[in-house]
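This report concerns only the one structure given below.
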Amino acid sequence: MLSRLSAGAFRKAAFGAARSNGAQRASSVRFASSHASSSAFESFMSSRATLASASLFTAGTIAWYTHLYGTLPFISEVHASHLSDEGLHPAAYPWPHKGLFDTFDHASIRRGYQVYREVCAACHSLDRIAWRNLVGVSHTADEARAMAEEVEYTDGPNSEGEMFQRPGKLADYMPAPYPNEEAARSSNGGALPPDLSLIVKARHGGADYIFSLLTGYIDPPAGVEIREGMNYNPYFPGGAISMARVLFDGLVEYDDGTPATTSQMAKDVVQFLSWAAEPEHDERKKTGIKAVIIFSALFALSVYVKRFKWGVIKNRKIGMSPVSGQILSIL
């Protein structure tokens with residue numbers, strides 16, 4: 001029967017079989033490709049790195065939203081006290097030292113010290129600041145020494161075993177307005193005026209809060225009762241503060257002729273207190289800039305050295321000689 005088939009029939013049959021085999025191989029290749037891609041996608045979605053990245057992205061988004069707007073819109077807050085007890089949130093002001101490459105306004109620091117000395121020093125101490133700290137920042141050494149000598153300090157004992165009074169020197173710390181805590185409370189109706197050395201860092205809101213507090217005294221709104229001896233300030237937690245308003249226009253006469261408005265004096269004394277809380281601020285930023293430049297150069301140098309040393313090894317070709325069966329390393 002096979003002898004009756006022509007050569008053309010054999011060719012057609014062989015061609016049809018080849019086509020069917022080719023179609024089967026192509027379909028299997030397509031299925032294998034789709035299966036491989038789906039497996040790679042599933043492994044990517046189920047990997048720990050993907051899970052960690054998604055978690056970090058979600059946490060970062062929530063943290064950034066709460067930083068901008070305070071709370072999430074779909075989560076209610078539970079407070080043991082009224083929100084007004086926390087005080088009004090201060091606005092963000094463009095302080096001259098706020099940027100990454102910005103430093104303190106030293107003219108403002110000098111004016112701020114004058115405001116502190118003539119207004120704030122009557123009740124508040126500055127225990128962590130010595131006269132020498134002012135040298136090179138807001139005053140010269142002669143100016144700081146002259147101000148220190150105006151204050152009498154108790155020293156001793158002398159050769160007779162007695163304490164004595166002497167003029168101040170640069171190494172002395174600024175004097176406190178009261179000899180002890182009890183005297184401070186007695187002179188302020190039981191309230192203790194806080195030390196201002198670290199007040200900017202110790203209060204939520206920092207410099208913005210201190211400035212808003214000094215300029216935020218208003219009459220209490222309708223329905224708010226303030227007991228006698230207290231003052232209303234919406235930025236203070238609870239609204240009632242024992243410290244009365246102390247800054248008024250023209251209260252201080254600046255040496256450089258700057259108009260002594262309430263906001264100007266508040267800005268200057270807050271700048272001074274910001275420096276008092278962080279005297280190393282300017283030097284820290286200078287050192288940070290130098291460190292960034294040096295480490296960036298070292299990083300670039302290390303990348304170049306790494307590529308120079310390992311480039312030969314990473315780019316070499318390894319082959320096998322089919323005759324001898326030895327492995328040849330061709331650089």
Side-chain angles (χ1 to χ4, degrees), residues 90 92-153 167-177 193-203 205-215 243 245-287:
Y93 296 99
W95 297 102
H97 61 280
K98 206 170 184 179
L100 293 176
F101 305 101
D102 297 330
T103 59
F104 284 122
D105 183 356
H106 289 258
S108 181
I109 292 177
R110 183 184 179 95
R111 294 192 300 267
Y113 170 73
Q114 184 178 353
V115 175
Y116 165 78
R117 186 179 184 183
E118 298 183 13
V119 181
C120 307
C123 299
H124 297 275
S125 60
L126 206 63
D127 293 339
R128 297 178 180 270
I129 300 299
W131 296 106
R132 65 174 180 269
N133 297 129
L134 299 176
V135 178
V137 177
S138 58
H139 297 77
T140 62
D142 294 336
E143 290 174 337
R145 187 178 295 106
M147 290 187 296
E149 292 175 352
E150 296 177 1
V151 183
E152 293 289 330
Y153 287 85
K169 51 188 179 181
L170 291 178
D172 293 323
Y173 286 83
M174 294 188 178
D195 179 76
L196 299 183
S197 301
L198 301 174
I199 195 67
V200 173
K201 285 189 173 182
R203 295 294 183 269
D208 296 330
Y209 167 75
I210 304 298
F211 179 85
S212 300
L213 184 71
L214 293 175
T215 59
M243 184 182 76
R245 179 182 176 182
V246 294
L247 298 181
F248 300 91
D249 293 343
L251 182 63
V252 175
E253 185 177 352
Y254 285 133
D255 297 334
D256 58 359
T258 302
T261 61
T262 300
S263 59
Q264 181 66 49
M265 290 185 291
K267 180 256 184 184
D268 291 336
V269 74
V270 170
Q271 185 79 176
F272 170 72
L273 294 177
S274 298
W275 166 82
E278 198 174 7
E280 74 283 356
H281 175 274
D282 293 354
E283 289 298 327
R284 176 173 56 82
K285 286 189 175 181
K286 291 179 182 178
T287 305

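What you see is a predicted model, and the numbers here were worked out from it, not measured in a lab.
- Side-chain atoms of Asp105 and Trp95 form no donor-acceptor pair, as typed in the model, at a separation below 3.5 Å.
- Taking every heavy atom of both residues into account, Asp102 and Lys285 meet most closely at O-NZ, 2.9 Å.
- Ile129 CD1 to Leu134 CG: the interatomic distance, rounded to the nearest 0.5 Å, is 7.5 Å.
- Summarising the geometry of Gln271 relative to Ser108, their closest heavy-atom pair is CB-OG, 3.5 Å, with the distance given to 0.1 Å.
- In terms of heavy-atom proximity, Pro175 sits nearest to Tyr153 at CD-OH, 3.4 Å.
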Ignoring hydrogens and angles, write down the donor-acceptor pairs under 3.5 Å from the side chains of residues 257-264, residues two or more places apart or on other chains.
residue	atom	partner	partner atom	Å
Thr258	OG1	Asp256	OD1	3.0
Thr258	OG1	Asp256	OD2	3.2
Thr261	OG1	Gln264	N	3.2
Thr262	OG1	Arg245	NH2	3.3
Thr262	OG1	Asp249	N	3.4
Thr262	OG1	Asp249	OD1	2.8
Gln264	NE2	Asp268	OD1	3.0
Gln264	NE2	Asp268	OD2	3.0

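- The list of salt bridge (charged side-chain N to carboxylate O under 4.0 Å, His left out) pairs with a residue in residues 121-132, not counting sequence neighbours, is empty.
- The line from CD of Glu253 to CG of Asp255 is 8.0 Å long, rounded to the nearest 0.5 Å.
- Taking both residues in full, the closest heavy atoms of Ala277 and Pro279 are given as C-CD, 3.8 Å, listed atom of the first, atom of the second, then distance.
- Among residues two or more places apart in sequence or in another chain, the side chain to side chain donor-acceptor pair (under 3.5 Å) test is passed with Trp275 by none.
- Taking the six-membered ring for Trp and thresholds of 30 and 60 degrees, Phe211 and Tyr93 have ring planes more than 60 degrees apart, a perpendicular arrangement.
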Name every donor-acceptor pair, under 3.5 Å, that has one atom in a side chain of residues 118-125 and the other anywhere in the protein, sequence neighbours excluded.
residue	atom	partner	partner atom	Å
Glu118	OE2	Gln114	NE2	3.3
His124	ND1	Pro194	O	2.9
Ser125	OG	Asp195	OD1	2.6

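- One finds the CZ atom of Phe104 at 6.0 Å from the CD1 atom of Ile109 (value rounded to the nearest 0.5 Å).
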Output side-chain donor-acceptor pairs under 3.5 Å for residues 135-144, partner residues at least two apart or in another chain, one line each.
residue	atom	partner	partner atom	Å
Thr140	OG1	Glu143	N	3.3
Asp142	OD1	Arg145	NH1	3.2
Glu143	OE1	Arg110	NH1	3.1
Glu143	OE1	Thr140	N	3.1
Glu143	OE2	Arg110	NH2	3.3

Residues Tyr116, Leu196; criterion side-chain contact (heavy atoms from CB on, under 4.5 Å); working and verdict
CA-CA 10 Å; Tyr116 165 78; Leu196 299 183; 4.1 Å; yes
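- Note that OG1 of Thr103 and NZ of Lys286 are 7.5 Å apart. Values are rounded to the nearest 0.5 Å.
- Around atom CD of Glu280, more than 12 heavy atoms belonging to other residues, nucleotides or ligands sit under 6.0 Å away.
- Partners of Arg117 under the side-chain contact (heavy atoms from CB on, under 4.5 Å) rule, at least two apart in sequence or in another chain, are Tyr113, Met147, Glu150.
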